[in-house]
Participant: 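Please find one structure pasted underneath; my questions will follow.
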2 protein chains.
Amino acid sequence: MKEVLPVFNSAVSIDCVLFGFDGGELKILLIERNEEPFKDWWALPGNLVGENESVDQSASRILHELTGLSDIYMEQYYTFGEVDRHPQGRVITVAYYAMLRLGGDKALKPLTTYAKKAQWINVKELPKLGFDHQHIFDKGLEKIKRRIKHLPIAFELLPEKFTLTQVQNVYELILGKKLDKRNFRKKILSFKVLKELDEKQKGVSFRAATLYKFDKRKYAKLFGKEISF
Amino acid sequence: MKEVLPVFNSAVSIDCVLFGFDGGELKILLIERNEEPFKDWWALPGNLVGENESVDQSASRILHELTGLSDIYMEQYYTFGEVDRHPQGRVITVAYYAMLRLGGDKALKPLTTYAKKAQWINVKELPKLGFDHQHIFDKGLEKIKRRIKHLPIAFELLPEKFTLTQVQNVYELILGKKLDKRNFRKKILSFKVLKELDEKQKGVSFRAATLYKFDKRKYAKLFGKEISF
DNA sequence: AATATACTGTGTATTTATTACACTAAGTAA
DNA sequence: TTACTTAGTGTAATAAATACACAGTATATT
């Protein structure tokens, strides 16, 4: 503290909800804690904000430490500031989410020591989480539900080339409801952010679907416009 | 700190954007600072989060200290965590907004000592603000723009009884654009949250408009539904 | 009393978006 | 060849959004 702020001991931390789409399921990355409090519990990846990093930088650092990934767009969605949310003292936490492309082959061994392991876990089968992390997750899921209705963030979860059925799966998983196939396709194509490829899905034991890719340039133009599902 | 968190000196503060509608204009409550840094500058009302209060409680306290008002719904909208945003040390600030009903007669002398005075200032004529408060305000305005499209928060700014033209004014001020009168009325009435009163506007030098009031019960049912302007 | 003023209050036609709904086509596997 | 599984497609009906103009009424002015 350079001068005169009347502070008490407290800290600010970051917690991240990292979404991924894998095996047809919506997953998040959880860590198994290696330290007290909540040693051996599952929790959202998080850490204290360092003295010389902004909260955004801190979130990116945590993501990087955990996955090796950089340059991922993370969105801050809420700050949790209950007095007793951390058993060891006053810790206010700023929550972020990010959508990650799981190539299927990504190495996701934790690179830090604060976790025993990290694992992608189906959001439908979450274990009991330490701290108030279930609450933080719930709010994060709510947030992306609202968000996916207005921006096609589903593509951030998908591989570079994907089928329309995969896109629809992501929407259905996030929104928690079935959508009509014909209407869904009509709508998603109407945004004109998908480019149809001259290529088909491989390795499936049925008729292969056409692959599409996402056109970032056109997507950028979409910002600000109201779209909805 | 009860135990072992490796903290450095830092603090968390709250800053509030308090919106009011008065004299046909959208205003916010600003304070003129009495202390360094930014002594004699205008700034958003704010303060440090206390050791034994949650960030939500802290926001309510600040609002109460400044206006005497309690039980006002405040919405947290973003946390600003740049390293150098406060010249005297590391201060991360959590921003809230609230919509206040200015009866026209509200006493709004600041009750704290940290401000010389507090004043409702037209958002179109904001003075230069201390810290990163212009940025915090900008984000807050953006937020209520998005929000008013989906929930009729305009009513929180209006007196108990109001005319449809007043409602439209609030929408136009927040959205920053003119709306068609007939379409606006059709839409706002379609939500069925307004009760037409058997009473007319008074003290105007032209045809008096019908007064309406807001039906909270019906409003509650509206939550979750998607509405848009 | 007549007139000017300023805002209130109303309807319809057009376009666009949303919803509901079912079958054939194509590839794979047995 | 057949059975299986998913891909891919269109239309009609309904609902929502938009564009657009003038007569009605209270007050103030002369």
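Quick caveat: nothing in here was measured; it's all calculated off a predicted structure. Heavy atoms only: backbone and side chains are in, while hydrogens, waters and symmetry mates are out. Quick note on labels: first sequence line is chain A, next is B, and so on, each numbered from 1.
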Participant: Report yes if a donor N or O on one partner sits less than 3.5 Å from an acceptor N or O on the other, where the partners are the side chain of A:Lys186 and the base of D:dT9; otherwise report no.
Facilitator: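 Between D:dT9 and A:Lys186, which were checked side chain against base, a qualifying N/O pair under 3.5 Å is absent.
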Participant: Just how far, in rounded Å, is C1' of C:dT15 from CG of B:Asn183?
Facilitator: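 Value for this atom pair: 13 Å.
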Participant: Could you give the CD-to-C1' distance, from B:Gln166 to C:dT8, as a whole number of Å?
Facilitator: 13 Å
Participant: Whole angstroms only, please: what is the CZ-C1' distance between A:Phe162 and D:dA7?
Facilitator: 16 Å
Participant: Write down the distance between NZ (A:Lys202) and C1' (C:dG27), rounded to a whole number of angstrom.
Facilitator: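 Interatomic distance, NZ of A:Lys202 to C1' of C:dG27: 15 Å.
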Participant: Report yes if some heavy atom in the side chain of B:Trp41 is under 4.5 Å from a heavy atom in the side chain of B:Leu30; otherwise report no.
Facilitator: no
Participant: Are any of the side-chain nitrogens in A:Lys124 or A:Glu25 under 4.0 Å away from the carboxylate oxygens of its partner?
Facilitator: yes
Participant: What is the distance, rounded to the nearest whole Å, between atom NZ of B:Lys181 and atom P of C:dG11?
Facilitator: 14 Å
Participant: B:Thr165 or A:Lys200: which one's nearest nucleotide on DNA chain C is closer to the 5' end?
Facilitator: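 Nearest nucleotide further toward 5': that of B:Thr165.
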Participant: May I ask you to check whether B:Arg85 and B:Ser13 show a side-chain donor-acceptor distance below 3.5 Å?
Facilitator: no
Participant: Looking at B:Thr67 and B:Leu63, would you say the former's side chain and the latter's main chain have a donor-acceptor pair under 3.5 Å?
Facilitator: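 Flag set: sc B:Thr67 to bb B:Leu63 pair under 3.5 Å.
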Participant: Please list, in numerical order, the residues of residues 204-213 of chain B that have a heavy atom closer than 4.0 Å to any atom of DNA chain D.
Facilitator: B:Val204, B:Ser205, B:Phe206, B:Arg207
Participant: Determine whether B:Glu65 and B:Asn47 make a side-chain contact, defined as any pair of heavy atoms from C-beta on separated by less than 4.5 Å.
Facilitator: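 B:Glu65 reaches B:Asn47 side chain to side chain.
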Participant: For D:dG10 and A:Arg182 - does any side-chain N or O of the residue sit under 4.0 Å from the phosphate oxygens OP1/OP2?
Facilitator: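 No, no such contact exists.
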Participant: From A:Leu173 CG over to A:Phe19 CZ, what is the distance, rounded to the nearest 0.5 angstrom?
Facilitator: 11.5 Å
Participant: Here's a test for you: under salt bridge (charged side-chain N to carboxylate O under 4.0 Å, His left out), which of A:Glu75, A:Glu156, A:Glu142 qualifies with A:Arg147?
Facilitator: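 That would be A:Glu75.
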Participant: I want to verify a distance call: between D:dA7, C:dG9, C:dT19, whose nearest atom is closest to the A:Arg185 side chain?
Facilitator: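 Closest nucleotide to the A:Arg185 side chain: D:dA7.
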Participant: Any N or O donor-acceptor pair under 3.5 Å from the base of D:dT18 to the side chain of B:Lys187?
Facilitator: no
Participant: Expressed in angstrom and rounded to an integer, what is the separation of B:Leu179 atom CG from D:dT18 atom C1'?
Facilitator: 12 Å
Participant: Expressed as a whole number of angstroms, how long is the span from B:Ile188:CD1 to C:dG9:C1'?
Facilitator: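 Going from B:Ile188 (CD1) to C:dG9 (C1'), I get 16 Å.
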Participant: Please report, rounded to the nearest Å, how far the C1' atom of D:dG8 is from the CG atom of A:Leu189.
Facilitator: 11 Å
